[in-house]
Protein chains: 2
Amino acid sequence: MINDETELIKKFPVEHLVLGIGDVAAATGVSQSQLRYWERKGYIQSRVVAGRKNRKFSYKTLLKVQQIKTLQDEGLTLVAAVKQSQQRDAVFDTLRSFVDGRFAQIQMDDEDHIQINMGPFDPDPTQDLVAERIAGKWQFKLIPTAK
Amino acid sequence: MINDETELIKKFPVEHLVLGIGDVAAATGVSQSQLRYWERKGYIQSRVVAGRKNRKFSYKTLLKVQQIKTLQDEGLTLVAAVKQSQQRDAVFDTLRSFVDGRFAQIQMDDEDHIQINMGPFDPDPTQDLVAERIAGKWQFKLIPTAK
DNA sequence: CGTGTAAGGAATTCTGACACG
DNA sequence: CGTGTAAGGAATTCTGACACG
């Protein structure tokens with residue numbers, strides 16, 4: 001079960017996740033006509049999913065939409081917002097990559113005692129780095145590497 | 001910009017994210033009639049979003065659907081799968097909580113040098129724990145706490 | 001129990017045009 | 001440029017019934 005949980009979070013279902021335009025609009029606060037316009041201009045993309053006729057957006061696109069909107073709200077023009085947002089696409093991949101690469105095991109003994117083992121602590125590889133949540137606060141500790 | 005990125009990932013838009021039944025079915029491989037049946041039996045829930053008339057599922061529900069399906073595929077009956085899946089609801093919250101509590105700063109200098117600062121390293125609070133990706137591999141290191 | 005299907009109606013999304021600016 | 005709206009048609013989802021088992 002513990003391994004299943006770790007697997008589950010690594011397989012975070014976003015790759016196959018596509019959303020309708022109405023759901024993207026509701027989640028981001030960007031109107032459907034805006035989304036269609038942005039797509040027409042090439043700022044965002046929608047996939048055509050096999051067998052579906054309507055527009056579908058990926059989760060990554062949703063993130064991008066939200067970024068653009070935030071930048072727009074800060075006063076940038078659409079073009080400027082789009083340009084800035086491009087640098088940030090990598091954020092999501094970064095988190096994925098970190099979770100994939102380092103979350104060796106997630107252990108949930110009970111509600112109040114949860115641990116994430118992140119494997120060998122590089123400055124001292126004889127120890128494992130563990131994140132531990134106690135009473136709602138996350139702390140790090142080192143434990144001897146399991147043989 | 002660095003702070004914006006950190007904020008962005010913390011605001012990972014899943015709270016306000018709702019998906020149509022077709023998208024949940026496509027993402028999980030569970031048919032629409034299954035989803036409606038599961039809902040009727042109370043195993044999963046769908047929200048009625050203000051102003052929308054169709055069924056909408058939260059991202060957490062999607063995770064649950066995927067868990068149930070996985071367990072079913074392993075040979076469990078629907079009821080047994082539902083029961084087992086209940087213990088696992090916390091996984092997602094765990095990741096969120098960890099990211100919220102510990103990702104102090106995400107820094108992306110360039111494609112090949114990315115760092116996540118996780119704040120004071122509890123065994124030695126004069127140092128910050130930093131996860132660093134070099135050439136695709138994540139490693140931990142300690143740096144003096146920024147004053 | 002657990003899932004599928006045909007049926008008719010309701011809600012959602014589509015495109016192209018036009019408005020405002 | 002960037003967004004909204006009215007319009008008519010197309011695709012999606014709805015419920016309740018019935019089938020299979």
Can you check the [X] [atom1] to [N] [atom2] distance for me, whole Å?
X     : N      : atom1 : atom2 : result
B:L78 : C:dG4  : CG    : C1'   : 15 Å
A:D23 : D:dT13 : CG    : C1'   : 12 Å
B:K56 : D:dC14 : NZ    : C1'   : 13 Å
A:L76 : D:dG2  : CG    : P     : 12 Å

Looking at the side chain of [X], which of [options] is the nearest nucleotide?
X     : options               : answer
A:R55 : D:dT3, D:dT15, C:dT15 : C:dT15
B:K53 : D:dT12, D:dT3, C:dT12 : C:dT12
A:I21 : D:dT12, C:dC14, C:dT3 : C:dC14

B:Q139, B:K141, B:Q107 screened by side chain to side chain donor-acceptor pair (under 3.5 Å) with B:E132, the one that passes: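 So, applying the side chain to side chain donor-acceptor pair (under 3.5 Å) to B:E132 and each of B:Q139, B:K141, B:Q107, only B:K141 qualifies.
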Give a yes or no on whether A:I106 and A:I143 share a hydrophobic cluster (residues Ile, Leu, Val, Met, Phe, Trp, Tyr; joining criterion: side-chain heavy atoms under 4.5 Å apart).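 A:I106 and A:I143: separate clusters.
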In the single-linkage hydrophobic clustering (I, L, V, M, F, W, Y; side-chain heavy atoms under 4.5 Å), do B:V79 and B:V30 co-cluster?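 Same hydrophobic cluster.
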Does the separation of the ring centres of A:F140 and B:F140 fall below 6.0 angstrom?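 Not under 6.0 Å, so no.
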B:F98 and B:F103 aromatic ring geometry - parallel, tilted or perpendicular at 30°/60° bounds: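 B:F103 vs B:F98 ring planes: perpendicular.
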Relative to the 5' end of DNA chain C, which residue comes earlier, B:N54 or B:Q72, by the nucleotide with the nearest heavy atom?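 This one resolves to B:Q72.
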When the nearest nucleotide of DNA chain C is assigned to B:R52 and to B:R40 on a heavy-atom basis, which residue is associated with the more 5' position?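 Going by which nucleotide is closer to the 5' end, it is B:R40.
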Does a side-chain heavy-atom distance below 4.5 Å link A:Y43 with A:K64?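 Not in contact.
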Those residues of residues 31-39 of chain B lying under 4.0 Å from DNA chain D by at least one heavy atom: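 Only B:Q32, B:R36 qualify.
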Thinking salt bridges, do B:D23 and A:R47 make one under a 4.0 Å N-O criterion?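 Salt bridge between B:D23 and A:R47, a charged N being under 4.0 Å from a carboxylate O: no.
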How would DNA chain C look in dot-bracket form, 5' to 3', counting Watson-Crick and G-U wobble pairs with both distances under 3.5 Å and writing | for bases paired to another strand? .||||.||.|.|.||.||||.
How far does CD of B:E39 sit from CZ of B:R36, to the nearest 0.5 angstrom?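 B:E39 CD to B:R36 CZ: 9.5 Å, rounded to 0.5 Å.
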Starting at CD1 of B:I68, measure out to CG of B:D73 and round the result to the nearest 0.5 Å.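 Interatomic distance, B:I68 CD1 to B:D73 CG, rounded to 0.5 Å: 12.0 Å.
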Toward the 5' end of DNA chain D, by each residue's nearest nucleotide, B:G20 or A:T77: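 With A:T77 and B:G20 compared, the 5'-side residue is A:T77.
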